[in-house]
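Note that this is a predicted model, so its numbers are computed, not measured. Order of the sequence lines fixes the chain letters, A, B, ..., with proteins taken first and strands second; residue numbering starts at 1 for each chain.
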Amino acid sequence: MSITPNDIKHIAELSRLELSEEEVKKFGGQLDSILQYIEQLNEVDTKNIEPTAQVSGLSNIWRADDVHVWDEGEVEAALSQGAREGGQVKVKRVL
Amino acid sequence: MNLNELTIKEARQQLDSGEITSVALTRACLDRIKEVDEQINACLTVCEAEAMAEAAAADLRIKSGERGDLLGIPYLCKDILMTKGVRTTAASKILENYIAPYDATVVAKLRDAGAVMLGKTNLDEFAHGASTENSAYGVTKNPHDLSRVAGGSSGGSAAAVASDMCIFALGTDTGGSVRCPASFCGVVGFKPSYGRVSRFGLLSMTSSTDVVGPLTKDVYDAAIVLKAIAGDDSRDATTAPEAIEAYEKEIDIAKDKSLRGLKIGLPQEYYLKDLNPEVAANLRASAEKLEAAGAELISVSLPYTKYGIPVYYIITPSEVSSNLARFDGIGWGLAKTEAKNLQEFYKATRGAGFGPEAKRRIMLGTYALSAGYYDAYYKKAQAVRTLIIKDFTEAFKKCDVLLTPTAPHSAFKIGEQVNDPLAMYMEDVFVTGASLAGLPAISVPAGTVATKGGKQMPVGAQIIGPRLSEGLVIKVASVLE
């Protein structure tokens, strides 16, 4: 399977990445060769093999649902950029 | 000997005896940074005033009789760990002026222990790479040969330790990022078991394999730093609840070179036929050292080894594409405010903020997770990951630890592989397995290899142990020194 420039543009759109025409060309070839290399996984028989998502050996780690008062200064510092209005973060118009 | 060249153990002794002060030790490190870092480019931020104040505070604590392994010891921190009040860039333009509002758990632990943070080190952008060439702030050069890479992604930390800019450094390892640069720079690099060290405040790359680990001048120091940063953390639900051990005590036991009763597995799939002959010879010498200390060498098989890289380069980009979705220009970081609407704002900000490798991984992951491809790529990789883990489980029924090379060769020339991402991914051939399986693995300097120009460059040997066997790994590794 080969990745076309339109595929790259579509993936970039899904990824919310603005790419130059040069990048579209470069990434196309590179992703193609990486995916071809990855195809070798098809040699492996994985019938009845459970997928592994994590290796901590833990499940259902709970903690009390306590409210922690976060330092006001840290909250302010966390939102270090952009406009705010009435305690809300202001973003560009959606449409 | 200059103070900045001391190990933690040596500095500790001299600080406690009153022979030296943390202020003098810190000054020596800062002077060394000024002397050599213009050439090496290991540090992205140096916080001299804060470091000197922390050193003075540590001296007061020592003077008042307080004792602690890292009290007054200066270190450098990989710039992907959040540090309150000191900028955290992840070596990305998207976080160029970002100042974290709080400390990562590991940074807070070191702060409480009285360690002195000198600054933040260079890395591949968001830890995507094996050479530190993907940094938005220039490549880190190998202190042994400035025309070569330091390895990556914790290249700044490894180069800083190798050139004595600090007493130790913190790195992070997702698929070899502590061990590869340790091998290239000739220092010790330890990736603990997944979950042994908290990831809270580590900017996530691949959440299912990310681990924080030390880069140090010897194995003893790696044990001391690991003990200080390890442990359960209510703010990271994947941390292991098991108690931390006094890892350095294992080395005292190993002093008589007694590995009697231990079986060292040599995985035949790691001993490639086309392996650099000098790397192979160094590895044989390492195996002989372990044998001389009483260990038995046995051959083991990890048949799914060759699938480690393809699995890693599906799972990593998939998790990366999701983790880096939070960098959207809202609230913090770069913002391209001239965009007309929200969609364009996201795309312009991310297009300008991320470098080529981050973009490649985001797109690869988005593709692998997209409708119609999820089963063929992501789920398939997760199933093969299970088989890779099973390989290790089976091997550890026959042996106690594994001995392998860390990297297939010594540090390569800067720019040599920069246009071939696939060749770069192959750098991880010996290190991805332990990451995918969440196992502790250490790289210890193990001889040198001659470059084409005749220069001797360091290479590392890797010891991999079963999950949460950090003490055993340290014990065996200390025999290789």
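Using a 4.5 Å cut-off between heavy atoms, B:Thr239 touches chain A through its backbone atoms (N, CA, C, O) alone. Contact annotation for B:Met82: neither backbone nor side-chain heavy atoms come within less than 4.5 Å of a heavy atom of chain A. Neither the backbone nor the side chain of B:Ala325 has a heavy atom closer than 4.5 Å to any heavy atom of chain A. Neither the backbone nor the side chain of B:Asn97 comes within contact range of chain A; no heavy atom of the residue lies under 4.5 Å from a heavy atom of that chain. Of the atoms belonging to B:Lys306, heavy atoms from both backbone and side chain fall under 4.5 Å from chain A. Neither the backbone nor the side chain of B:Leu439 comes within contact range of chain A; no heavy atoms are under 4.5 Å apart. With a threshold of 4.5 angstrom between heavy atoms, A:Lys26 approaches chain B through side-chain atoms but not through N, CA, C or O. Interface remark: A:Glu23 contributes side-chain atoms only to the contact with chain B (heavy atom separation under 4.5 Å). When heavy atoms are compared at a cutoff of 4.5 Å, A:Asp71 does not approach chain B at all.
Scanning both residues, A:Leu41 and B:Lys380, for their nearest heavy atoms gives O-CE, 3.1 Å. When all heavy atoms of B:Lys347 and A:Leu17 are compared, the closest pair comes out as CG-N, 3.9 Å.
Annotation: maximal heavy-atom pairing with chain B below 4.5 Å, among A:Arg84, A:Lys90, A:Glu43, A:Glu76, occurs at A:Glu43. Taking A:Val91, A:Val89, A:Val44 one by one and counting their heavy-atom pairs under 4.5 Å with chain B, the maximum is reached by A:Val44. Interface summary for chain A: among B:Gly438, B:Gly195, B:Ala348, the most heavy-atom pairs under 4.5 angstrom belong to B:Ala348. Your options are A:Ser15, A:Ala77, A:Gly82, and the one with the most heavy-atom pairs under 4.5 Å with chain B is A:Ser15. Of the listed residues (A:Val55, A:Asp45, A:Ile34), the one with the most heavy-atom contacts under 4.5 Å to chain B is A:Val55. Taking A:Leu14, A:Leu79, A:Ile38 one by one and counting their heavy-atom pairs under 4.5 Å with chain B, the maximum is reached by A:Ile38. Among B:Ala100, B:Pro310, B:Ala381, B:Ser321, the residue with the largest count of heavy-atom pairs under 4.5 Å with chain A is B:Pro310. Here B:Tyr307 is the residue among B:Phe354, B:Tyr378, B:Tyr313, B:Tyr307 with the most heavy-atom pairs under 4.5 Å with chain A. Counting heavy-atom pairs under 4.5 Å between each of B:Ala437, B:Ser193, B:Ala240 and chain A puts B:Ala437 at the top.
Counting non-hydrogen atoms of neighbouring residues, nucleotides and ligands closer than 6.0 angstrom, the CD atom of A:Glu85 reaches no more than 12 such neighbours. More than 12 heavy atoms of other shown residues, nucleotides or ligands fall within 6.0 angstrom of atom OH in B:Tyr425. Around NZ of B:Lys379, the count of heavy atoms belonging to other residues, nucleotides or ligands within 6.0 Å does not exceed 12. For A:Lys92, the NZ atom sits in a packed shell: over 12 heavy atoms of surrounding residues, nucleotides or ligands are nearer than 6.0 Å.
Inter-residue side-chain proximity for B:Tyr367 and A:Asp7 is flagged as unmet; no heavy-atom pair is nearer than 4.5 Å. Within the 4.5 Å cutoff, no side-chain heavy atoms of B:Tyr98 are placed close to those of A:Gln81.
The line from CG of B:Leu422 to CG of A:Leu31 is 11.5 Å long, rounded to the nearest 0.5 Å. Going from atom OG of A:Ser56 over to atom CZ of B:Arg467 covers 6.5 Å, rounded to the nearest 0.5 Å.
Annotation: residues 355-364 of chain B contacts chain A through B:Pro356, B:Lys359, B:Arg360, B:Ile362, B:Met363, B:Leu364 [non-hydrogen atoms, separation under 4.5 Å]. Taking non-hydrogen atoms and a 4.5 Å limit, the residue list of residues 58-65 of chain A in contact with chain B, ordered by number, reads A:Leu58, A:Ile61, A:Arg63. Heavy-atom proximity under 4.5 angstrom to chain B picks out A:Thr46, A:Ile49, A:Glu50, A:Pro51, A:Thr52, A:Ala53 from residues 46-54 of chain A.
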N/O donor-acceptor pairs under 3.5 Å from side chains in residues 329-346 of chain B, not counting sequence neighbours:
unit_1   : atom_1 : unit_2   : atom_2 : d
B:Asn341 : OD1    : B:Gln343 : N      : 3.3
B:Asn341 : OD1    : B:Glu344 : N      : 3.0
B:Gln343 : OE1    : A:Arg16  : NE     : 3.1

